[in-house]
Enquirer: 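One structure, as structure tokens, below. Some questions next.
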Amino acid sequence: MKSHRWFAPYLLLAPAVIWVLVFSIWPFLNTVYLSFTDARPLRTPQFIAFDNYKDLFADERFVYAMSTSFVYALICVPLLTFLPLLLAILVQKKLPGISVFRTSYYFPVIASVVVVGIIWAWLFDSKGIINESLQFVGLTDQPINFLIDRWLIVFSAISLTVWKGLGYYMVIYLAALTNVPKELHEAAALDGAGPIRRFWTVSVPAVKGAMLLISALVTVAAMRVFSEIYVITNGSGGPGGQSQSLVMLIQQTGKGLNGDLGYASAISVVLFFLTIGPLLLVGYINQGAEIREARQLRKRTRAYRKSRAQKAKKEAALVGAAVQGKTQ
């Protein structure tokens, strides 16, 4: 059997490496570089050190965008962590026609965010179905300004995100729940545990890894939200731009021939660190035991090598002393 050339693995790996370098690593490094400059289109950037970062927290727009993104994440994470789990447990049972329900719950995932956003804007309009329904049942006398008030815009966008994400995360939980042995539920039921007790003592611990992963994914997606708020507010970001997210602020700051690319790059770098944090935390939680075990093994190996070296040094000293005594 003819062996491969030594460069064959590198040749097969080269396209993927080039793709990552050109479309991921280089844009990221260029963004970091531009964040330290006053770069604008059609103009040579000048190095200004940390001036862009100093201006961030004095910028009212950045403070509004940060607060919007954080509130978005704080509300979306618990909702999209537990609701899909309850939904997965509900549709997990093998019943006639259950596949129809699974498909219907997953359908919003494949729907276009833009189309759904336009529908949401119609629903929450002052003359939309929601306002008309609230007035019909007598809960309010006048239309609620869902698309004018800052936080009502955010909550309307959150409802869109939750509605679209339920089916996607439900599928992840369904895959995790298939690995839970039925004997655990049967044993818990024999011990007198009810459905709620079995949920917290059997189902939740069994899907802990999937729950951590989903929490991190939802956090990252919430911090990077753009389409939902952009479509609902028609690109304005709400009254005075107070409802815009960090990604919307980056887009508005850097667009056009007069766009401040350096300042937009600085916001992008801040957003990068905000989104990489949850992923690193989940990775540490999932692999924390292995990491600590590897560190302890490394310490024991170093201590063993050190003791062996000291022992060998003492033996060499004794041998040298014995040889010197014989020669005398």
Side-chain angles (χ1 to χ4, degrees), residues 69 72-120 123 154-186 188-189 195-232 245 247 274-287:
S69 296
Y72 212 99
L74 288 175
I75 297 177
C76 282
V77 169
L79 290 178
L80 285 176
T81 300
F82 288 100
L83 290 181
L85 177 58
L86 297 175
L87 195 61
I89 294 175
L90 181 64
V91 302
Q92 185 188 19
K93 297 181 180 180
K94 296 181 179 180
L95 299 174
I98 195 65
S99 59
V100 177
F101 288 96
R102 293 179 181 177
T103 305
S104 62
Y105 290 135
Y106 190 79
F107 179 75
V109 179
I110 62 177
S112 171
V113 180
V114 176
V115 174
V116 176
I118 294 173
I119 296 173
W120 237 249
L123 291 175
V154 175
F155 296 147
S156 301
I158 288 173
S159 66
L160 191 159
T161 300
V162 172
W163 182 76
K164 274 190 59 64
L166 279 175
Y168 178 78
Y169 299 115
M170 178 196 71
V171 172
I172 298 178
Y173 278 128
L174 281 174
L177 288 171
T178 55
N179 297 323
V180 182
K182 295 182 179 180
E183 292 78 7
L184 295 178
H185 288 279
E186 295 174 355
I196 298 178
R197 182 72 174 179
R198 293 199 303 270
F199 171 76
W200 288 108
T201 58
V202 179
S203 299
V204 172
V207 297
K208 180 181 177 181
M211 189 175 292
L212 290 172
L213 174 63
I214 289 174
S215 300
L217 293 177
V218 173
T219 303
V220 172
M223 295 299 297
R224 297 173 56 190
V225 64
F226 174 77
S227 301
E228 290 89 336
I229 299 178
Y230 187 89
V231 176
I232 288 178
S245 63
V247 179
L274 290 175
T275 54
I276 199 67
L279 299 178
L280 294 177
L281 179 61
V282 170
Y284 180 77
I285 292 175
N286 287 334
Q287 305 294 331

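Note that the structure is predicted; figures quoted are calculated from it, not measured. The figures here come from the full heavy-atom set of this structure, side chains too, leaving out hydrogens, waters and symmetry mates. Counting begins at 1 with the first residue of the sequence.
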Enquirer: Decide yes or no for Val113 and Val231: does some side-chain heavy atom of the first lie under 4.5 Å from some side-chain heavy atom of the second?
Expert: no

Enquirer: Applying side chain to side chain donor-acceptor pair (under 3.5 Å), name anything that partners Thr275, two or more places apart in sequence or on another chain.
Expert: none

Enquirer: Roughly how far, to the nearest 0.5 Å, is CG of Leu90 from CG of Leu83?
Expert: 12.0 Å

Enquirer: Going by ring-ring contact (aromatic ring centres under 6.0 Å, His included), name the pairs with one or both residues in residues 203-227, residues two or more places apart or in two chains.
Expert: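 Checked against ring-ring contact (aromatic ring centres under 6.0 Å, His included) - neighbours excluded - the pairs reaching residues 203-227 are Phe226-Tyr230.
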
Enquirer: Quick one: side chain to side chain donor-acceptor pair (under 3.5 Å) partners of Thr81, sequence neighbours excluded?
Expert: Ser215

Enquirer: With sequence neighbours excluded, what pairs up with Tyr173 under the side chain to side chain donor-acceptor pair (under 3.5 Å) test?
Expert: none

Enquirer: Could you measure the distance from the CD1 atom of Ile172 to the CE atom of Met170? Nearest 0.5 Å is fine.
Expert: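 So the gap between those two atoms works out to 10.5 Å.
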
Enquirer: So do the side chains of Ile89 and Leu85 get within less than 4.5 Å of each other, counting heavy atoms only?
Expert: yes

Enquirer: Starting at CG of Leu74, measure out to SG of Cys76 and round the result to the nearest 0.5 Å.
Expert: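 So the gap between those two atoms works out to 9.5 Å.
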
Enquirer: For Thr219, what residues pass the side chain to side chain donor-acceptor pair (under 3.5 Å) criterion, not counting sequence neighbours?
Expert: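 Partners of Thr219 by the side chain to side chain donor-acceptor pair (under 3.5 Å) criterion come out as none, since no residue qualifies.
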
Enquirer: Decide yes or no for Val247 and Val225: does some side-chain heavy atom of the first lie under 4.5 Å from some side-chain heavy atom of the second?
Expert: no

Enquirer: Compare all side-chain heavy atoms of Phe155 with those of Ile75 and state whether any distance is below 4.5 angstrom.
Expert: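 The answer is yes; the side chains approach within 4.5 Å.
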
Enquirer: Do you know the tightest heavy-atom contact between Ile229 and Ala157?
Expert: CG1-CB, 3.8 Å

Enquirer: Within this structure, what is the CG-OH distance for the pair Leu217 and Tyr168, rounded to the nearest 0.5 Å?
Expert: 6.5 Å

Enquirer: Which distance, rounded to the nearest 0.5 Å, do you find between the OG of Ser245 and the CE of Met223?
Expert: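 One gets 9.5 Å once the value is rounded to the nearest 0.5 Å.
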
Enquirer: Under the side chain to side chain donor-acceptor pair (under 3.5 Å) rule, what pairs show up with a residue in residues 156-165, not counting sequence neighbours?
Expert: Tyr72-Thr161, Trp120-Ser159, Thr161-Glu228

Enquirer: For the residue pair Val116 and Ala111, what are the closest heavy atoms and their distance?
Expert: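 Scanning both residues completely, I find the closest heavy atoms to be CG2-CB, 3.8 Å.
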
Enquirer: How close do Ala88 and Leu174 get, heavy atom to heavy atom, and via which atoms?
Expert: O-CD2, 3.5 Å

